[in-house]
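Here's the structure we're looking at; comments come further down.
Keep in mind that the numbers below use all heavy atoms, side chains included, and drop hydrogens, waters and symmetry copies.
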Amino acid sequence: QVQLAESGGGSVQPGGSLRLSCAASGYHYSSNYMAWFRRAPGKEREGVATIYTGGGYELYANSVKGRFTISQDNAKNTVYLQMNSLKPEDTAMYYCAADRRRGSAWYEPDDYAFWGQGTQVTVSS
């Protein structure tokens with residue numbers, strides 16, 4: 001079975017940093033499309049960043065570009081989201097998602113078959 005295990009959420013002050021982790025198991029990690037999504041209060045689910053585990057691209061939402069970095073460690077079957085210069089607007093539940101096939105658009109939640117349980121990120125002064 002496919003499992004995604006998220007960790008790294010927490011509470012930080014504005015301007016702080018946090019690193020989220022998504023450990024994948026039960027599928028062919030080296031050739032998959034993975035992404036981070038978030039859902040903030042009063043907002044729809046938003047694609048934050050995506051990475052192809054076989055290499056080739058990383059993409060970001062405009063709202064986080066320049067502040068967040070998605071990366072991976074293939075030896076550990078883990079994808080990371082490094083979040084710097086955090087703002088209160090970044091407060092949300094963050095989810096890891098994955099699929100073996102390319103979808104119509106990386107930021108479309110329906111294109112991902114596998115999801116983690118989410119980890120809460122809270123940014124407040």
Side-chain angles (χ1 to χ4, degrees):
Q1 60 181 359
V2 175
Q3 288 188 314
L4 302 176
E6 298 149 308
S7 62
S11 181
V12 298
Q13 298 182 35
S17 297
L18 211 58
R19 188 181 75 161
L20 307 183
S21 300
C22 175
S25 63
Y27 73 113
H28 190 58
Y29 171 84
S30 62
S31 184
N32 282 270
Y33 300 86
M34 302 190 69
W36 288 96
F37 287 80
R38 67 185 182 185
R39 185 186 294 277
K43 296 184 178 180
E44 65 182 20
R45 185 163 44 180
E46 175 189 26
V48 177
T50 189
I51 187 170
Y52 177 58
T53 60
Y57 72 80
E58 302 87 35
L59 300 171
Y60 301 89
N62 288 334
S63 59
V64 306
K65 200 168 187 177
R67 298 187 297 120
F68 292 9
T69 303
I70 190 169
S71 62
Q72 66 173 332
D73 184 342
N74 280 286
K76 300 177 67 174
N77 289 357
T78 300
V79 170
Y80 303 95
L81 184 68
Q82 178 66 46
M83 304 183 294
N84 298 325
S85 301
L86 283 163
K87 305 175 180 179
E89 309 92 88
D90 296 318
T91 296
M93 184 72 72
Y94 284 72
Y95 300 90
C96 179
D99 204 291
R100 296 183 180 182
R101 303 176 64 179
R102 183 188 298 114
S104 59
W106 74 266
Y107 48 81
E108 289 290 344
D110 290 345
D111 288 343
Y112 297 87
F114 310 109
W115 292 81
Q117 295 300 307
T119 184
Q120 178 67 40
V121 172
T122 301
V123 185
S124 62
S125 58

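- In the hydrophobic clustering of this structure, Phe114 groups with Ile70; members are Ile, Leu, Val, Met, Phe, Trp, Tyr whose side-chain heavy atoms approach within less than 4.5 Å, directly or through other members.
- The CE atom of Met83 sits 9.5 Å away from the CZ atom of Arg67 when rounded to the nearest 0.5 Å.
- Transitive grouping of hydrophobic side chains (ILVMFWY, heavy atoms separated by less than 4.5 Å) keeps Tyr80 and Leu86 in distinct clusters.
- Figure legend: cation-pi geometry between Arg39 and Trp115 absent, as NZ or CZ is not positioned both under 6.0 Å from the six-membered ring centre and within 45° of its axis.
- A donor-acceptor pair under 3.5 Å is absent between the side-chain atoms of Gln3 and the main chain of Ser25, judged by distance alone.
- In this structure, Glu108 has no salt bridge (Lys or Arg N to Asp or Glu O under 4.0 Å) partners at least two apart in sequence or on a different chain.
- Taking the side chain as every heavy atom from C-beta outward, Pro88 and Ser124 never approach each other to under 4.5 Å.
- The aromatic rings of Trp106 and Phe37 are tilted relative to each other, their planes meeting at an angle between 30° and 60°.
- Identified under the side-chain hydrogen bond (donor to acceptor under 3.5 Å, both in side chains) test for residues 7-21, with sequence neighbours left out: Ser17-Asn84.
- Taking 4.5 Å as the limit, every side-chain heavy atom of Thr122 sits out of range of all side-chain heavy atoms of Val12.
- Shortest non-hydrogen contact noted between Arg38 and Ser63 is NH2-OG, 3.4 Å.
- No side-chain donor-acceptor contact under 3.5 Å links Asp73 to the backbone of Thr78.
- In this view, Tyr107 and Ala105 satisfy the side-chain contact (heavy atoms from CB on, under 4.5 Å) rule, not counting sequence neighbours.
- At a threshold of 4.5 Å between non-hydrogen side-chain atoms, the residues Thr53 and Asn77 do not count as touching.
- Evaluation of the side-chain contact (heavy atoms from CB on, under 4.5 Å) rule for Ala40 yields Lys43, Ala92 as partners, not counting sequence neighbours.
- Remark: Asp111 engages no residue in a salt bridge (Lys or Arg N to Asp or Glu O under 4.0 Å) (not counting sequence neighbours).
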Inset, instruction - Applying side chain to side chain contact (heavy atoms under 4.5 Å, CB included), run through Thr50 and Tyr112 and close with a yes or a no. - result: CA-CA 11 Å; Thr50 189; Tyr112 297 87; 3.7 Å; yes

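- Nearest approach of Ala98 to Met34, heavy atoms of both residues: CB-CG, 3.9 Å.
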Inset, instruction - Mind running side chain to side chain contact (heavy atoms under 4.5 Å, CB included) on Glu6 and Tyr95 for me, showing each step along the way? - result: CA-CA 8 Å; Glu6 298 149 308; Tyr95 300 90; 3.9 Å; yes

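- Atom CD of Gln117 is surrounded by 12 or fewer heavy atoms from other residues, nucleotides or ligands within 6.0 Å.
- For the atom pair SG (Cys22) and CG (Leu81), the distance works out to 10.5 Å, reported to the nearest 0.5 Å.
- Listed by first and then second residue, the disulfide bond (SG atoms under 2.5 Å apart) pairs that reach into residues 36-93 come to none, sequence neighbours excluded.
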Inset, instruction - Verify side chain to side chain contact (heavy atoms under 4.5 Å, CB included) between Tyr60 and Val48, making sure each step is shown before the conclusion. - result: CA-CA 6 Å; Tyr60 301 89; Val48 177; 6.0 Å; no

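- Atoms CD and OG1, from Gln120 and Thr91 in turn, are 7.5 Å apart once rounded to the nearest 0.5 Å.
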Legend entry - Criterion side chain to side chain contact (heavy atoms under 4.5 Å, CB included) on Tyr52 and Arg102, from CA distance to verdict: CA-CA 9 Å; Tyr52 177 58; Arg102 183 188 298 114; over 6 Å; no

